Participant: 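I have a structure here, written as structure tokens, and I will follow up with some questions on it.
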Amino acid sequence: MKRYIAFALIGLTACQSTYYAIWEKLGREKRDLLRADVVDARDAQQAASQQFKTALERMKEMYNFDGGKLETAYNQFKSEYEDCASRADKVRSRIKDVEQVAGDLFKEWDKEIGEISDAKMRADSRNKLNASREKYDQLHASMKRAESSMDPILTKFHDNVLYLKHNLNAAAIGALKGESIKIETDISQLIADMNKSIAQSDAFIKTLD
């Protein structure tokens with residue numbers, strides 16, 4: 001949300017440096033923006049994690065279909081898949097926000113260290129920068145691992161949606177009953193990756209308080 005507010009103030013074509021300058025005038029440094037972006041990414045991952053679990057439940061319900069309106073069950077699953085895709089896009093977008101601000105923050109920090117004349121202070125600041133980068137690298141790796149875990153599940157969901165669209169009958173449903181079991185394993189791994197990334201996000205956020 002903060003990005004939309006800032007760009008509304010300076011126009012959609014504004015450069016990144018102007019974006020930061022606006023926020024600095026409002027009392028928020030890159031460190032504050034990074035913290036907010038990590039919070040947004042964490043929240044997006046939590047929402048995506050829940051959405052994938054919901055889609056799996058709809059898939060199970062469809063493959064356990066016994067009478068009623070088959071098309072209604074299919075449409076519910078299709079809708080949940082589309083919500084998963086939307087949530088996944090939001091996760092990717094939030095991670096890109098984190099990457100942008102973190103990169104700019106560390107670049108600025110590194111440059112400003114060179115402007116410190118006192119050797120002891122310069123060395124201390126360099127150590128703190130290296131420690132922060134290490135923590136961020138761990139967080140980033142965890143986020144990217146969770147992000148990549150979404151892709152194979154989305155592919156399988158998409159395949160099932162299209163196949164059932166072309167074969168919307170009880171025979172097709174019966175033939176694919178085992179699919180939910182296969183995808184459930186992938187989703188369990190996704191949830192584990194998401195939870196690990198969320199935990200690391202919380203830990204990293206504390207270092208920025």
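As the structure is a computational prediction, the values presented were derived from the model and not from experiment. Heavy-atom basis, side chains included; hydrogens, waters and symmetry copies ignored.
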Participant: Between the side chains of Asn130 and Glu134, is a donor N or O closer than 3.5 angstrom to an acceptor N or O?
Facilitator: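 Side-chain D/A pair, Asn130 to Glu134: absent.
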
Participant: Which class fits the ring pair Tyr19 and Trp23: parallel under 30°, tilted 30 to 60°, perpendicular over 60°?
Facilitator: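 Perpendicular: the ring planes of Tyr19 and Trp23 meet at over 60°.
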
Participant: Restricting to non-hydrogen atoms, name the atom on Leu154 and the atom on Ala88 that form the minimum distance, rounded to 0.1 Å.
Facilitator: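 Closest heavy-atom pair between Leu154 and Ala88: CD1-CB, 3.7 Å.
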
Participant: Can you find a pair of side-chain heavy atoms, one from Val91 and one from Arg87, that are under 4.5 Å apart?
Facilitator: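 Contact flag for Val91/Arg87 side chains = no.
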
Participant: May I ask you to say whether Arg58 pairs ionically with Glu61, meaning some side-chain N is under 4.0 Å from a carboxylate O?
Facilitator: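 Yes, charged N to carboxylate O under 4.0 Å.
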
Participant: Please examine the side chains of Val38 and Arg35, heavy atoms only from C-beta on, and report whether any two atoms are closer than 4.5 Å.
Facilitator: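 A side-chain contact under 4.5 Å is absent here.
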
Participant: Could you give the distance from CG (Asp137) to OG (Ser132), rounded to the nearest 0.5 Å?
Facilitator: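 Between atom CG of Asp137 and atom OG of Ser132 there are 10.5 Å.
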
Participant: Strictly below 4.0 Å, N to O, side chains only: are Asp186 and Lys156 in salt-bridge contact?
Facilitator: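 Salt bridge: yes.
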
Participant: Might you point out which heavy atoms bring Asp37 and Val98 nearest each other, and give the distance in Å?
Facilitator: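 Looking at all heavy atoms of both residues, the closest pair is O-CG2, 3.5 Å.
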
Participant: Would you compute the distance between atom CD1 of Ile95 and atom OG of Ser197 and round it to the nearest 0.5 angstrom?
Facilitator: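 Here the rounded value is 6.5 Å.
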
Participant: Can you find a pair of side-chain heavy atoms, one from Asp83 and one from Thr54, that are under 4.5 Å apart?
Facilitator: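 A side-chain contact is absent here, since even the closest heavy-atom pair is not under 4.5 Å.
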
Participant: In sequence, state the C-alpha distance, the side-chain angles, and the governing distance for Asp97 and Val101, and then conclude on side-chain contact (heavy atoms from CB on, under 4.5 Å).
Facilitator: CA-CA 6 Å; Asp97 289 343; Val101 178; 5.7 Å; no

Participant: Checking the side chain of Asp110 only, and the main-chain atoms of Phe106 only, is there a donor and an acceptor separated by less than 3.5 Å?
Facilitator: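 Answer holds: no.
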
Participant: Please tell me if the side chains of Arg42 and Ile205 come closer than 4.5 Å, counting only heavy atoms from C-beta onward.
Facilitator: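 Side chain of Arg42 against side chain of Ile205, heavy atoms only: contact under 4.5 Å found.
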
Participant: Checking side-chain contact (heavy atoms from CB on, under 4.5 Å) for the pair Glu115/Arg122: CA distance, chi angles, key distance, verdict?
Facilitator: CA-CA 8 Å; Glu115 299 173 7; Arg122 187 167 60 247; over 6 Å; no

Participant: Treating Ser148 as the side-chain partner and Lys144 as the backbone partner, does any N or O pair qualify as donor plus acceptor under 3.5 Å?
Facilitator: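 It does hold such a pair.
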
Participant: Is a side-chain donor or acceptor of Glu80 paired with a backbone partner of Gln51 at a separation under 3.5 angstrom?
Facilitator: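 Here the side-chain-to-backbone pair does not exist.
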
Participant: Are more than 12 heavy atoms from other residues, nucleotides or ligands located less than 6.0 Å from atom NZ of Lys30?
Facilitator: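 Counting neighbours around NZ of Lys30, more than 12 heavy atoms of other residues, nucleotides or ligands fall under 6.0 Å, so yes.
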
Participant: Say whether, by atom type as modelled, one donor and one acceptor occur between the side chain of Thr155 and the main chain of Asp151 under 3.5 angstrom.
Facilitator: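 At least one qualifying donor-acceptor pair exists.
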
Participant: Treat each ILVMFWY residue as a node, draw an edge where side-chain heavy atoms are under 4.5 Å apart, and state whether Leu162 and Ile153 are in one component.
Facilitator: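 As far as the 4.5 Å side-chain criterion goes, Ile153 and Leu162 are not connected within one cluster.
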
Participant: Flag the pair Phe77 / Lys60 as yes when at least one side-chain heavy-atom distance between them is below 4.5 Å, and no otherwise.
Facilitator: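 A side-chain contact is absent here, since even the closest heavy-atom pair is not under 4.5 Å.
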
Participant: Are Arg126 and Ile116 packed together at the side-chain level, in the sense that at least one heavy-atom pair is separated by less than 4.5 angstrom?
Facilitator: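 They are not in side-chain contact.
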
Participant: Let's go through Lys128 and Asp124 carefully: what are the C-alpha distance in whole Å and the side-chain angles of both, what is the deciding distance for salt bridge (charged side-chain N to carboxylate O under 4.0 Å, His left out) to 0.1 Å, and is it a yes or a no?
Facilitator: CA-CA 6 Å; Lys128 287 183 171 64; Asp124 183 62; 2.6 Å; yes

Participant: What's the separation between atom CD1 in Ile198 and atom OG in Ser49, rounded to the nearest 0.5 Å?
Facilitator: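 One finds 6.0 Å between CD1 of Ile198 and OG of Ser49.
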
Participant: For Ala146 versus Leu190, what's the shortest heavy-atom pair and its separation?
Facilitator: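 For Ala146 versus Leu190, the nearest heavy atoms are O-CD1, 3.6 Å.
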
Participant: What's the separation between atom NZ in Lys53 and atom CD1 in Ile187, rounded to the nearest 0.5 Å?
Facilitator: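 The CD1 atom of Ile187 is 10.0 Å from NZ of Lys53, to the nearest 0.5 Å.
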
Participant: So which atom in Leu139 and which in Ser201 form the shortest heavy-atom distance, rounded to 0.1 Å?
Facilitator: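 Taking Leu139 first and Ser201 second, the nearest heavy atoms are CD1-OG, 3.4 Å.
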
Participant: Anything under 30° is parallel, anything over 60° is perpendicular, the rest tilted; go ahead and classify Tyr81 against Phe157.
Facilitator: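 Tyr81 and Phe157: perpendicular rings.
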
Participant: Yes or no on side-chain contact (heavy atoms from CB on, under 4.5 Å) for Thr207 and Tyr136, after CA distance, side-chain angles and deciding distance?
Facilitator: CA-CA 10 Å; Thr207 70; Tyr136 168 74; over 6 Å; no

Participant: At what distance, to the nearest 0.5 angstrom, does CG of Leu33 lie from CG of Leu208?
Facilitator: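 Atom-to-atom, Leu33:CG and Leu208:CG are 11.0 Å apart.
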
Participant: Just how far is it from atom NE2 of His158 to atom CD of Glu82, taken to the nearest 0.5 Å?
Facilitator: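 If I round to the nearest 0.5 Å, the distance is 9.5 Å.
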
Participant: For the side-chain hydrogen bond (donor to acceptor under 3.5 Å, both in side chains) test, which of Gln200, Glu147, Lys196, Gln45 pairs with Ser142?
Facilitator: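 So, applying the side-chain hydrogen bond (donor to acceptor under 3.5 Å, both in side chains) to Ser142 and each of Gln200, Glu147, Lys196, Gln45, only Gln200 qualifies.
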
Participant: Yes or no on side-chain contact (heavy atoms from CB on, under 4.5 Å) for Ile113 and Leu129, after CA distance, side-chain angles and deciding distance?
Facilitator: CA-CA 9 Å; Ile113 286 175; Leu129 169 59; 3.7 Å; yes

